[in-house]
Amino acid sequence: MTGQTDIRAGQPVYGCMGLGGTWDSVPYTAADIAHAEAAVEAALDIGITVFDHADIYRRGKAEAVFGELLRRASGLRERIVVQTKCGIRQADGHHPGMYDLRGQHILRSVEESLARLCTDVIDVLLLHRPDPLADPQDTAKALTSLHEQGLVRRFGVSNMSAAQITHLQDHLDVPLVANQLEMSLGSRDWVEAGVLVNTPAAAENGFPHGTVEYCHARDIQLQAWGALAKGRYTDGSDSPTAQLLSDLAERKQTTPETILLWWLQRHPARIAPVIGTSRPERIRACRDAVTREPELTHEEWYDLWVTARGGPLP
Ligand SMILES: NC(=O)c1ccc[n+]([C@@H]2O[C@H](COP(=O)([O-])OP(=O)(O)OC[C@H]3O[C@@H](n4cnc5c(N)ncnc54)[C@H](OP(=O)(O)O)[C@@H]3O)[C@@H](O)[C@H]2O)c1
């Protein structure tokens with residue numbers, strides 16, 4: 001069985017964290033499968049072909065219900081890119097939650113994800129978070145082995161800085177092709193970092209300055225988690241940002257959700273939004289972010305940024 005392998009700059013991704021039922025170890029139900037099926041159908045219907053998972057989402061149940069859908073829908077696997085992540089270990093009564101990028105953990109996690117997803121290859125594997133204790137040589141050796149065995153096609157990272165990517169890449173022959181970070185009109189540190197240089201406010205900005213430029217320059221796809229800002233601007237609130245989104249949507253004959261996603265895609269790095277709502281009607285509201293090029297002028301893009309930050313740029 002083979003899957004598509006391409007991820008492209010700006011291409012929206014469907015985030016599967018909301019699928020699979022509860023976050024505890026209670027097994028998923030038929031209703032959870034139906035919920036996942038409706039979400040995946042809506043995502044496919046608007047043209048999304050990349051699906052984002054993690055071993056930990058709903059304690060493995062997000063991958064498991066998705067695997068169930070792949071098993072049932074003949075030919076679906078060949079039409080989509082399956083991305084998953086490893087490297088976070090949840091608290092388990094003996095240990096606190098921790099990060100684990102040791103080779104042995106990665107190999108075990110991938111084996112389990114492959115089984116849950118009912119597939120024989122993962123198209124893109126992201127290292128979920130940096131593990132300060134992991135030896136990059138050991139991590140890289142595991143990734144190389146997975147690649148050589150044909151179990152994973154491409155690799156990327158998540159929540160990592162430019163320096164952390166370099167540190168790992170220095171030990172790895174296969175290129176890192178993606179970095180998934182929290183980026184949206186609501187979480188703006190990634191863009192603020194670039195203009196706060198030389199200002200006192202820079203001290204409060206936690207984003208690793210230069211990471212966006214680093215990824216852009218090296219064709220490392222930037223994926224934005226939290227891209228819809230959890231509905232903060234599109235759930236009927238009457239904030240100035242929500243109002244502006246709705247005015248722009250009317251002018252461009254689209255939805256406020258699309259404007260929100262276009263704001264990321266319009267950046268020269270062509271940020272790929274990860275869409276995390278599981279409600280079919282909310283997924284369908286994102287259609288134009290998949291089917292149309294972002295239609296925001298320079299002025300409109302800044303207008304959105306300045307309105308969301310609630311004050312002028314430095
Ligand atoms: N790499 C990482 O560390 C990391 C971290 C978090 C997430 N992710 C990935 O990114 C994806 C998206 O992240 P996210 O879920 O935090 O962000 P999001 O897409 O901004 O928000 C979606 C979440 O907000 C809820 N929501 C409430 N009102 C909403 C509205 N009006 N419109 C849209 N959503 C609304 C959704 O619930 P309903 O389902 O009921 O709509 C869902 O739980 C995840 O699925 C996952 O794949 C990655």
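When a ligand or atom number is given, it counts from 1 through the structure's own listing order. Just the heavy atoms: all of them, side chains too, but no hydrogens, waters or symmetry mates, feed the values below.
- Annotation: atom 11 (C) of ligand 1 to nearest protein heavy atom, Val274 CG1, 3.5 Å.
- For atom 10 (O) of ligand 1, the nearest protein heavy atom (residue, atom name, distance) is Trp225 CB, 3.3 Å.
- Between Arg284 and Glu257, no side-chain nitrogen of the basic residue sits less than 4.0 Å from a carboxylate oxygen of the acidic one, so the salt-bridge criterion is not met.
- In this structure, atom 47 (O) of ligand 1 lies nearest to the protein heavy atom Asp52 OD2, 2.6 Å.
- In this structure, Asp123 pairs ionically with Arg77, as a charged nitrogen and a carboxylate oxygen lie closer than 4.0 Å.
- Under the 6.0 Å distance and 45° angle rule, Arg59 does not count as a cation-pi partner of Tyr57.
- Close approach of ligand 1 to Gln180 (heavy-atom distance below 4.0 Å) involves ligand atoms 1 (N), 2 (C), 4 (C), 8 (N), 9 (C), 48 (C).
- When each atom of ligand 1 is checked for a heavy atom of His128 under 4.0 Å away, the hits are 1 (N), 2 (C), 3 (O).
- Looking only at heavy atoms of the protein, atom 44 (C) of ligand 1 is closest to Met17 CB, 3.6 Å.
- Using a cutoff of 4.0 Å between basic side-chain nitrogens and carboxylate oxygens, Glu300 and Arg251 are scored as salt-bridged.
- Lys85 counts as a contact of ligand 1, since one of its heavy atoms falls under 4.0 Å from the ligand.
- Tyr14 and Thr49 are not linked by any side-chain donor-acceptor pair at a separation below 3.5 angstrom, with hydrogens and angles left out of the test.
- For the ligand labelled ligand 1, residue Tyr57 lies inside the 4.0 Å heavy-atom shell.
- Remark: Arg71 engages Glu68 in a salt bridge, criterion side-chain N to carboxylate O under 4.0 Å.
- Checked against a 6.0 Å centroid threshold, the rings of His209 and Trp190 do not count as neighbours.
- Atoms of ligand 1 lying under 4.0 Å from any heavy atom of Arg279, numbered from 1 in the order shown and given with element: 40 (O), 41 (O).
- Note on Asp6 versus Arg8: salt bridge recorded, some NZ/NE/NH1/NH2 to OD/OE distance being below 4.0 Å.
- Checked against a 3.5 angstrom limit, the closest N/O atoms of Asp235 and ligand 1 fall outside it.
- Side chains of His53 and Ser113: no donor on one and acceptor on the other come within 3.5 Å.
- Contacts between Lys230 and ligand 1 below 4.0 angstrom, taking non-hydrogen atoms only, involve backbone and side chain alike.
- When heavy-atom distances to ligand 1 are checked against a 4.0 Å cut-off, Asn159 comes that close only through its side chain, counted from C-beta outward.
- Counted by atom type alone, Gln180 and Asp52 present one or more donor-acceptor pairs between their side chains at under 3.5 Å.
- Side-chain polar atoms of Lys61 and Thr22 form a donor-acceptor pair below 3.5 angstrom.
- Within a 4.0 Å radius of atom 1 (N) of ligand 1, the protein contributes at least one heavy atom.
- Of all atoms in ligand 1, listed by their number and element, those nearer than 4.0 Å to a heavy atom of Gly276 are 12 (C), 15 (O), 19 (O), 22 (C), 42 (C), 45 (O).
- Close contacts between ligand 1 and Ala227 involve ligand atoms 20 (O) [criterion: under 4.0 Å to a heavy atom].
- In this structure, the protein non-hydrogen atom closest to atom 34 (N) of ligand 1 is Thr277 CB, 3.7 Å.
- Ser145 pairs in a side chain to side chain donor-acceptor pair (under 3.5 Å) with only one of the listed residues (His147, Lys141, Gln149, Glu148), which is Gln149.
- Below 4.0 Å from some heavy atom of Cys16 lie the following atoms of ligand 1, by number and element: 45 (O), 47 (O).
- Between Arg232 and ligand 1 there is no heavy-atom distance shorter than 4.0 Å.
- For atom 31 (N) of ligand 1, the closest non-hydrogen atom on the protein side is Gly231 CA, 3.4 Å.
- Between atom 13 (O) of ligand 1 and the options Gly226, Gly15, Ser158, Gly236, the minimum heavy-atom separation is to Gly226.
- In the hydrophobic clustering of this structure, Trp225 does not group with Leu261; members are Ile, Leu, Val, Met, Phe, Trp, Tyr whose side-chain heavy atoms approach within less than 4.5 Å, directly or through other members.
- Side-chain polar atoms of Asp288 and Thr254 form a donor-acceptor pair below 3.5 angstrom.
- Between Arg287 and Asp45 there is a salt bridge, with a side-chain nitrogen of the basic residue lying less than 4.0 Å from a carboxylate oxygen of the acidic one.
- The shortest N or O to N or O distance between Gly18 and ligand 1 is not below 3.5 Å.
- Scanning all protein heavy atoms for the shortest distance to atom 29 (C) of ligand 1 gives Arg282 NH1, 3.3 Å.
- If you number the atoms of ligand 1 from 1 as listed, the ones under 4.0 Å from a heavy atom of Ala229 come out as 20 (O).
- At a 4.0 Å heavy-atom cut-off, ligand 1 touches Ser278 through backbone and side chain alike.
- Counting heavy atoms closer than 4.0 Å to ligand 1, residue Ser184 contributes nothing at all.
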